[in-house]
Amino acid sequence: MTSLKPVRGTHDIMNEECRGHRHVASVARTISHRYGFAEIATPVFEFSEVFRRTLGEISDIVTKEMYSFEDRGGSEITLRPEGTAGIARAFISNGMAQNLPCKFFYEGPMFRYERPQKGRLRQFHQVGVEILGVPTPQADIEIITLGAHILRELGVAHKTVLEINSLGDRESRSAYSKVLVAYFTKHRDALSENSCTRLGRNPLRILDSKDKGDHELVADAPSMSDYLNDTSQAFFDEVLNGLKSLGIKISVNPRLVRGLDYYCHTAFEFTTKVLGAQGAVIAGGRYDGLIEQMGGPSTPGVGWAAGIERLSMLLSELPSSLRPIAVIPVDKEAQSKAMNIAQTLRESGYVVDMGYSGNLAKRMKRADRMNACVAVLLSGDELGRNSATLRDLDSGEQSEIPLDDLTDRLSAFR
RNA sequence: GUGGCUGUAGCUCAGCUGGUUAGAGCACCGGCUUGUGGUGCCGGAUGUCGCGGGUUCGAAUCCCGUCAGCCACCCCA
């Protein structure tokens with residue numbers, strides 16, 4: 001056991017946890033489907049270039065978190081660290097610009113070489129959605145509403161808040177960026193070490209620094225909202241109003257930013273306080289520049305991704321699973337007939353458990369452990385009379401019934 | 001990548017300032033009950049005390065290293 005451990009940051013997902021993951025994924029899938037999103041499953045690995053181009057050479061993900069390797073044919077391959085890049089690639093590869101808009105839902109494992117922590121693993125799982133080809137705020141509104149809907153359906157909405165901000169279009173953003181760099185450069189001495197390095201490569205990120213000293217500087221820093229040009233402001237207002245009219249509660253957070261260049265306009269996160277430091281459960285934004293940056297036709301996009309593990313930890317209870325029916329042969333003569341009966345029941349849609357060995361007591365015990373609702377006891381004698389014993393495992397009541405009535409009688413336990 | 005805490009049975013943990021056969025509860029297996037589970041009673045099995053090295057007459061206990069987990073930074077889902 002000591003030598004056969006899973007790789008750091010990975011683990012085996014089973015039982016309750018597995019059911020939790022499944023539940024999150026299936027709720028996300030069905031609700032997304034209701035909004036017209038079609039599922040897409042891109043490969044879990046791509047040429048490394050796909051991620052380098054979309055995530056940018058300087059992002060943390062690309063510089064230190066990718067699982068990359070050279071395959072036997074000499075290709076540079078990377079296990080996907082997130083889902084959008086693969087979809088953008090698929091969009092271009094398949095010439096999907098021909099029938100816009102495209103609405104995609106995806107689900108699956110992602111890989112990032114990070115130091116494991118609560119809500120942060122090296123192999124983790126996401127569900128996500130993307131809308132490609134819609135330049136107007138309707139897409140932003142729809143996609144955020146979808147996120148809120150999924151959280152509500154999962155019963156975790158009350159544990160989250162929706163934070164939202166606008167990064168403006170390219171013009172607004174670069175104007176703001178200049179002012180911000182100037183401001184922080186002036187106060188460089190007071191800035192934390194981390195933020196000083198961010199000043200050079202990613203000044204916007206200073207805005208959500210966790211350093212206490214930085215907070216004061218940030219509080220007095222020029223605000224993005226003052227630098228949005230008219231188009232950008234109008235866009236943001238429309239998103240905000242649209243969400244309000246759909247009854248979505250929002251909290252505008254002018255310090256919410258996105259690191260990567262191609263992000264513009266809407267940036268949002270559904271965050272929670274109950275998961276410690278890893279508070280974002282759904283995060284996304286608009287990325288009008290992405291497809292073009294990858295070499296495709298200029299196509300606007302907006303999307304989000306959600307962490308299945310994180311959402312799953314928020315779940316307070318799982319939907320109850322179907323209780324099985326235990327089919328129990330009491331003696332050897334009944335063994336093969338029991339198989340037949342179990343098979344018939346399974347084919348008519350019942351969940352049936354039948355153990356492989358053990359006397360009656362053991363099989364009853366097993367039925368109990370499996371949380372079976374009813375046991376069908378079969379013996380040679382009874383089968384000779386064409387009957388079986390039906391035992392209600394909750395009340396303990398049991399009676400002998402004709403085999404022909406079995407399916408009907410069991411329907412009461414469905 | 002940086003810092004702090006932790007690592008004893010399948011799980012949750014106890015084991016005081018080093019002292020000889022390493023414990024409990026839950027779970028598991030068996031029996032009371034050879035055709036009846038969930039409660040009860042009785043019994044049983046299970047550990048290279050994370051791994052490697054060191055100090056010592058003696059290490060689960062102290063020291064060093066390493067690996068892993070947790071928490072935070074960083075980053076993000």
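Note on naming: letters A, B, ... go to the chains in the order of the sequence lines (proteins, then strands), and numbering restarts at 1 for each one.
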Where do A/Y176 and A/Y227 land on the ring-ring contact (aromatic ring centres under 6.0 Å, His included) test, with the steps shown first? CA-CA 6 Å; A/Y176 177 59; A/Y227 291 83; 5.7 Å; yes
Identify the pairs formed between an N or O of the protein and an N or O of nucleotides 43-46 of chain B at a distance under 3.5 Å, and give each distance.
none

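- Rounded to whole Å, the C1' atom of B/G7 lies 15 Å from the corresponding atom of B/A14.
- One interatomic measurement links the two molecules: CG of A/L311 to C1' of B/C76, which rounds to 14 Å at whole-angstrom precision.
- Separating the P atom of B/U66 from that of B/G4 is a span of 13 Å, rounded to the nearest Å.
- Comparing B/C76, B/G37, B/C75 by their nearest atom to the side chain of A/L393 picks out B/G37.
- For A/R363 against B/U36, a side-chain-to-base donor-acceptor contact under 3.5 Å is absent.
- Judged by distance alone, the side chains of A/E142 and A/Q138 never bring a donor and an acceptor atom under 3.5 Å apart.
- Backbone-only contact: A/G9 has heavy atoms under 4.0 Å from sugar-phosphate atoms and none from a base.
- Pair check for B/U2 finds B/A72; Watson-Crick or G-U wobble, both atom distances under 3.5 Å.
- Pairing for B/G7 is with B/C67, a Watson-Crick or G-U wobble pair whose two hydrogen-bonding atom distances lie under 3.5 Å.
- When A/T84, A/I87, A/V129, A/T42 are each tested for a side chain to side chain contact (heavy atoms under 4.5 Å, CB included) with A/F104, only one passes: A/I87.
- Comparing B/G35, B/G37, B/A77 by their closest approach to the side chain of A/T389 singles out B/G35.
- One atom, CE of A/M66, and another, P of B/G1, lie 17 Å apart when rounded to the nearest Å.
- Between B/G37, B/G35, B/G69, one nucleotide has an atom nearer to the side chain of A/R8 than all others, and that is B/G69.
- Contact annotation: A/Q117 reaches the phosphate of B/A72 (side-chain N/O to OP1 or OP2, under 4.0 Å).
- A/Y183 and A/H187 have their aromatic ring centers within a separation under 6.0 angstrom.
- A/V281 comes within contact range of the sugar-phosphate backbone alone, with a heavy-atom separation under 4.0 Å but no base atom that close.
- Atom pair A/F270:CZ and B/A77:C1' shows a separation of 14 Å (rounding to whole Å applied).
- In this entry the distance linking NZ of A/K5 with P of B/U66 reads 15 Å, nearest Å.
- Residue A/L207 forms a side chain to side chain contact (heavy atoms under 4.5 Å, CB included) with just one option from A/N253, A/N165, A/L180, and that option is A/L180.
- Atom NZ in A/K118 sits about 21 Å away from atom P in B/C75, given to the nearest Å.
- For A/R115 and B/G69, a side-chain-to-base donor-acceptor distance below 3.5 Å is absent, hydrogens and geometry of angles not being considered.
- In the region residues 366-373 of chain A, proximity to RNA chain B at under 4.0 angstrom, judged on heavy atoms, holds for A/D368, A/R369.
- Partner A/D353 forms a salt bridge (Lys or Arg N to Asp or Glu O under 4.0 Å) with one of A/R369, A/R363, A/R366 and no other, that one being A/R366.
- Looking at heavy-atom distances under 4.0 Å, A/G119 makes contact with a base.
- Base pairing of B/G35 is not made with any nucleotide, judged by Watson-Crick or G-U wobble geometry with both donor-acceptor distances under 3.5 Å.
- Rounded to a whole Å, the CD1 atom of A/I150 is 16 Å from the P atom of B/A77.
- Along RNA chain B, the nucleotide nearest to A/A277 and the one nearest to A/Y113 differ in position, and the one closer to the 5' end is contacted by A/Y113.
- In this structure, the nucleotide among B/U36, B/G69, B/A77 sitting nearest to the side chain of A/P116 is B/G69.
- The aromatic rings of A/F235 and A/H265 lie parallel to each other, with less than 30° between the two planes, well short of the 60° mark.
- When rounded to the nearest whole Å, the span between CD of A/E82 and P of B/A77 equals 8 Å.
- Between A/L275 and A/V281 the shortest side-chain heavy-atom distance falls below 4.5 Å.
- Protein atom CZ of A/F51 is 22 Å distant from nucleotide atom P of B/C75, rounded to whole Å.
- Base engagement by A/L121 is indicated by at least one non-hydrogen atom pair under 4.0 Å involving a base atom.
- Pairing partner, B/G43: B/C29, with both Watson-Crick or wobble hydrogen-bond distances short of 3.5 Å.
- When the P atom is used for both B/U17 and B/C28, the distance is 36 Å, rounded to whole Å.
- In this structure, a donor-acceptor pair under 3.5 Å is present between the side chains of A/E309 and A/H125.
- Of the candidate nucleotides B/C75, B/G35, B/A77, B/A77 has the atom nearest to the side chain of A/A283.
- The main-chain N or O of A/V274 is found under 3.5 Å from a side-chain atom of A/T272 such that the two form a donor-acceptor pair.
- Between the side chains of A/E400 and A/S387, a donor-acceptor pair is found at a separation under 3.5 Å.
- Among the heavy atoms of the strands lying under 4.0 Å from A/I282 are primed sugar atoms or P, OP1, OP2 only; no base atom is included.
- Nearest nucleotide to the A/S379 side chain, out of B/A77, B/G37, B/G35: B/G35.
- Nucleotide B/U21 has no partner under the Watson-Crick or G-U criteria, as no pair reaches both atom distances under 3.5 Å.
- Both distances falling under 3.5 Å, in either a Watson-Crick or a G-U wobble arrangement, occur for no nucleotide opposite B/A59.
- With both ends at atom C1', the span from B/A27 to B/A9 equals 11 Å, rounded to whole Å.
- Taking only distance into account, the side chain of A/R120 meets the base of B/C75 through a donor-acceptor pair shorter than 3.5 Å.
- Using a 3.5 Å distance cut-off with no hydrogens or angles, the side chains of A/T54 and A/Q293 do not pair a donor with an acceptor.
- For the P atom pair drawn from B/U8 and B/U61, the interatomic distance equals 13 Å after rounding to whole Å.
- To the nearest whole angstrom, the two C1' atoms, one in B/G19 and one in B/C62, are 14 Å apart.
- Residue A/E309 is out of contact with every strand shown, counting any heavy-atom pair closer than 4.0 Å.
- The gap from the P atom of B/G44 to that of B/G54 amounts to 39 Å, rounded to the nearest Å.
- Considering every non-hydrogen atom in both A/D214 and A/S192, the closest pair reads OD2-OG, 2.7 Å.
- An OP1 or OP2 oxygen of B/G30 is reached within less than 4.0 angstrom by a side-chain nitrogen or oxygen of A/K362.
- With C1' as the reference atom, B/U33 and B/U12 are 32 Å apart, rounded to whole Å.
- Side-chain atoms of A/W304 come within 3.5 Å of backbone atoms of A/I143 as a donor-acceptor pair (strictly under, hydrogens ignored).
- The residue A/D331 sits apart from the nucleic acid: no heavy atom pair falls under 4.0 Å.
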